[in-house]
Amino acid sequence: MKYNNRSKAVLLLKDGTIFHGKSIGIEGVTFGEVAFNTGTTGYQEIFTDPSYFGQIMVTTNAHIGNYGVNDKEVESDSVKISGLVCKNFSFNYSRVDASESLFDYLSKQNLIVISDVDTRALVSYIRDNGAMNAVICTDGTPIEELKERLAQVPDMNGLELASKVSTSEPYFFGEETAKYKISALDLGIKTNILRNLAKRDCYIKVFPYNASFEDLKSFNPDGYFLSNGPGDPEPLECAQEVAKQILNVNKPLFGICLGHQIIGLANGISTYKMFNGHRGINHPVKNLISGKGEITSQNHGFAIVREELDKHPDFELTHEHLNDGTVAGMRMKSKNCFSVQYHPEASPGPHDSSYLFDQFIENIKTASN
């Protein structure tokens, strides 16, 4: 094994705290909101998930890159995180169906990475002080200059990012001869959501984030889907209006993550920015309808205000996050609509919540009878 003499690098937080590490060899400076993910596998899905756009990702798993990457396991067409912080970066990998090393994959997309960081101390600090903007520097830029540039980076609260990751033109996914047609609003949709719908005999037309209800309706769909995505949901007034009009015609509607928040906002239920957010593949959720527990994959920094949901006469809390009691799922009493704040399509697992796609199909079947 060849030894690489790597240069020093820093992670500077907005409050002035500095964590030291080493560059993996991709030189530059990158900015974003620092957040951590507690998953032990699935780093490729994390890095390509559009919901992570604008975030510097801290991985709590000690080893990143050890199983390489596979071109067929991406959630979008490129890496979406703005930077990576890890403890041990593996330049070598061992996996039968890996297509290349993580280093080669990230180098092609010029992602700035800092390794050899005390990630346990960093995550502990973020837990205590909350998610905040940060900068990774691997090219020796002076700290004072980094502080000045970091001060100009906008806060995630109030930031609209769906437009940065949504498709610019409608496209189709699945078999045209499928039994069901779905109109999906792309706020940052993950490819595996489309795979799960297609696997259930759906033909999906995916529309840009700013498409109108008339655009989605023109496909004559059997049901509507509002996708996951990055940023604050409040600025997405067009998507909220689309949700209102879908509910007016009472066609089956399913929302995931950002789509879930849009449904809440469309009905006068507020959202708020969380202190840290939920990111990982080990979050416990209780299905209040069945009484069963689910281990879920989550990735969100905003959430529905539970007190407002509980008071809303037309909404029912269906899923509760067991760590902090936040809203993990809801449904409407008078409309064919439900949504969740987590990812039932998670590729590396867990798969406890994949039944939600079946529930959507059952709603479509019921509505068509």
Side-chain angles (χ1 to χ4, degrees), residues 1-7 9 21-28 30 32 35-53 55-117 119 123 136 138 165 173-174 188-196 198-199 228 279-282 295-299 343-354:
M1 185 188 304
K2 186 176 73 172
Y3 177 78
N4 293 318
N5 187 16
R6 295 186 285 130
S7 59
K22 294 181 179 179
S23 169
I24 68 166
I26 304 169
E27 303 305 310
T30 188
F36 60 89
N37 187 291
T38 57
T40 55
T41 59
Y43 56 72
Q44 188 175 352
E45 180 185 33
I46 293 168
F47 300 164
T48 58
D49 181 352
S51 294
Y52 281 122
F53 184 86
Q55 291 182 323
I56 291 175
M57 180 50 54
V58 182
T59 51
T60 63
N61 188 31
H63 301 281
I64 296 299
N66 49 305
Y67 56 85
V69 296
N70 186 313
D71 291 338
K72 297 179 181 179
E73 296 177 356
V74 296
E75 291 298 333
S76 64
D77 59 359
S78 64
V79 169
K80 292 298 188 292
I81 60 172
S82 60
L84 171 63
V85 182
C86 60
K87 175 60 177 175
N88 300 315
F89 188 91
S90 299
F91 291 87
N92 299 295
Y93 62 95
S94 177
R95 186 186 183 194
V96 172
D97 58 353
S99 54
E100 62 181 331
S101 71
L102 181 60
F103 175 75
D104 290 339
Y105 179 71
L106 297 181
S107 295
K108 292 175 183 176
Q109 304 191 48
N110 197 36
L111 185 80
I112 309 301
V113 182
I114 179 173
S115 69
D116 295 75
V117 174
T119 49
V123 169
I136 298 174
T138 61
V165 294
F173 192 98
I189 198 165
K190 291 173 65 179
T191 303
N192 210 41
I193 289 175
L194 299 175
R195 295 190 193 107
N196 271 274
K199 187 167 65 175
N228 62 292
R279 298 178 180 89
I281 58 175
N282 48 8
I295 301 301
T296 67
S297 175
Q298 303 207 7
N299 169 23
H343 287 273
E345 82 292 339
S347 294
H351 299 147
D352 300 24
S353 307
S354 59

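Heavy-atom basis, side chains included; hydrogens, waters and symmetry copies ignored.
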Check your understanding: Do Val74 and Tyr105 have side chains that get closer than 4.5 Å, going by heavy atoms?
Key -> yes
Check your understanding: Do Ser90 side-chain atoms and Tyr93 backbone N/O form a donor-acceptor pair below 3.5 Å?
Key -> no
Practice item. Supply the atom-to-atom distance Asn196 CG to Thr191 OG1, rounded to the nearest 0.5 angstrom. Key: 11.5 Å
Practice item. Return the minimal non-hydrogen interatomic distance between Gly42 and Tyr67, and the atom names on each side. Key: N-OH, 2.8 Å
**Study point:** Distance in Å, Ile81 CD1 paired with Ser51 OG, rounded so as to fall on 0.5 Å steps
**Key:** 13.0 Å
Check your understanding: Of the non-hydrogen atoms in Ser23 and Gly25, which two are nearest, and what is the gap between them?
Key -> OG-N, 2.9 Å
Check your understanding: Any sub-3.5 Å donor-acceptor pair from Asn192's side-chain atoms to Glu345's backbone N or O?
Key -> yes
**Study point:** Contacts of Glu100 that satisfy salt bridge (Lys or Arg N to Asp or Glu O under 4.0 Å) - sequence neighbours left out
**Key:** Lys108
Point to revise | Least distance between heavy atoms, Lys87 atom then Ala62 atom | key: CB-O, 3.7 Å
Practice item. Using the side-chain contact (heavy atoms from CB on, under 4.5 Å) rule, pick out the option among Glu75, Met57, Gln55 that qualifies with Ile46. Key: Met57
Point to revise | NZ/NE/NH1/NH2 to OD/OE distance under 4.0 Å, Glu45 and Lys190 | key: yes
Practice item. Would you please name every residue forming a side chain to side chain contact (heavy atoms under 4.5 Å, CB included) with Phe36, sequence neighbours left out? Key: Thr38, Val58, Thr60, Val123, Ile126, Arg127, Asn276
Practice item. May I ask you to decide if Gly188's main-chain N or O and Asn228's side chain share a donor-acceptor pair within less than 3.5 Å? Key: yes
Practice item. Determine yes or no for a side-chain-to-main-chain donor-acceptor pair under 3.5 angstrom, with Thr138 supplying the side chain and Ile26 the backbone. Key: yes
Practice item. Would you confirm whether Tyr52, through its side chain, and Ser82, through its main-chain N or O, come within 3.5 Å as a donor-acceptor pair? Key: no
Check your understanding: When rounded to the nearest 0.5 angstrom, what distance separates OH in Tyr43 from CD in Glu73?
Key -> 9.5 Å
Check your understanding: Checking side-chain contact (heavy atoms from CB on, under 4.5 Å) against Lys80, which of Val165, Asp49, Thr48 comes through?
Key -> Val165
Point to revise | Neighbour count above 12 (heavy atom, 6.0 Å) for His351 NE2 | key: yes
Exercise for review: Take Phe47 and Leu102, measure what side-chain contact (heavy atoms from CB on, under 4.5 Å) needs, and give me the verdict at the end.
Suggested key: CA-CA 11 Å; Phe47 300 164; Leu102 181 60; 4.0 Å; yes
Practice item. Taking all heavy atoms of Gly174 and all of Ala198, pick out the closest pair and write down the distance. Key: CA-CB, 4.1 Å
Point to revise | Closest contact, heavy atoms only, Arg279 versus Asn299 | key: NE-OD1, 3.6 Å
Review point. CD1/Ile281 to OG1/Thr40 distance, rounded to the nearest 0.5 angstrom?
Key: 4.5 Å
Practice item. Please report the closest heavy-atom contact between Ile136 and Val85, naming both atoms and the distance. Key: CD1-CG2, 3.8 Å
Exercise for review: Nearest 0.5 Å please: distance from the OG1 atom of Thr30 over to the CD1 atom of Ile56.
Suggested key: 5.5 Å
Review point. Atom CD1 of Ile24 and atom CG of Leu111: how far apart are they, to the nearest 0.5 Å?
Key: 7.5 Å
Exercise for review: Report yes or no: does Asn70 contribute a side-chain atom to a donor-acceptor pair with the main-chain N or O of Asp97 at less than 3.5 Å?
Suggested key: yes
Check your understanding: Do Thr59 and Thr119 pass the side-chain contact (heavy atoms from CB on, under 4.5 Å) test, and can you show the C-alpha distance, the side-chain angles, and the key distance before you say yes or no?
Key -> CA-CA 8 Å; Thr59 51; Thr119 49; 5.8 Å; no
Review point. Any sub-3.5 Å donor-acceptor pair from Ser115's side-chain atoms to Asn88's backbone N or O?
Key: no
Check your understanding: Going by the angle between their ring planes, with limits at 30° and 60°, are Phe89 and Phe103 parallel, tilted or perpendicular?
Key -> perpendicular
Review point. Would Asp116 and Arg6 pass as an ion pair if we require N to O under 4.0 Å?
Key: yes
Check your understanding: Run the side-chain contact (heavy atoms from CB on, under 4.5 Å) check on Ser99 and Val69 step by step: do they pass?
Key -> CA-CA 6 Å; Ser99 54; Val69 296; 4.2 Å; yes
